[in-house]
Amino acid sequence: MNDLSMFAEGRAPWFVGWGTLALITAGLAQGKNRSGLLWFLLSLVIGPVATLLLVLLPKPRTTMF
């Protein structure tokens, strides 16, 4: 199987889209004061579910009171 066969079978757009979503998720995580790297890796594994979880989670509290 050569590299071009992946494009011919239509799998390449999935990889590009999944990676782009992981980058967007990392940016959202950093905006919510969470670990961008952790959420990037999590998004690579569970994809849109990680993005949805991140959007639904509130920002972490910075102070106790």
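Given the structure is predicted, the values throughout are model-derived calculations rather than measurements.
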When clusters are formed by joining ILVMFWY residues with side-chain heavy atoms under 4.5 Å apart, either directly or through shared neighbours, do I46 and W14 land in the same one?
->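 The answer is no; the residues belong to distinct hydrophobic clusters.
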Could you state whether V49 and V45 fall into the same hydrophobic cluster, counting links through intermediate Ile, Leu, Val, Met, Phe, Trp or Tyr residues with side-chain heavy atoms under 4.5 angstrom apart?
-> yes
Using a 3.5 Å cut-off and no angle test, enumerate the donor-acceptor pairs between side-chain atoms of residues 15-22 and protein atoms at least two apart in sequence or in another chain.
from, atom 1, to, atom 2, distance (Å)
W18, NE1, S43, O, 3.4
W18, NE1, L44, O, 2.9
T20, OG1, V16, O, 2.8

For the atom pair CG (L28) and CG (L23), what is the distance rounded to the nearest 0.5 Å?
-> 11.0 Å
List for me each residue that meets side-chain contact (heavy atoms from CB on, under 4.5 Å) alongside L37, sequence neighbours excluded, and say none if there are none.
->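 Applying side-chain contact (heavy atoms from CB on, under 4.5 Å) to L37 gives S35, L41.
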Those residues that, when tested against L57, pass side-chain contact (heavy atoms from CB on, under 4.5 Å) (two or more places apart) = R34, W39
Looking at T25 and L54, what are the two nearest heavy atoms and their distance?
-> O-CD2, 3.3 Å
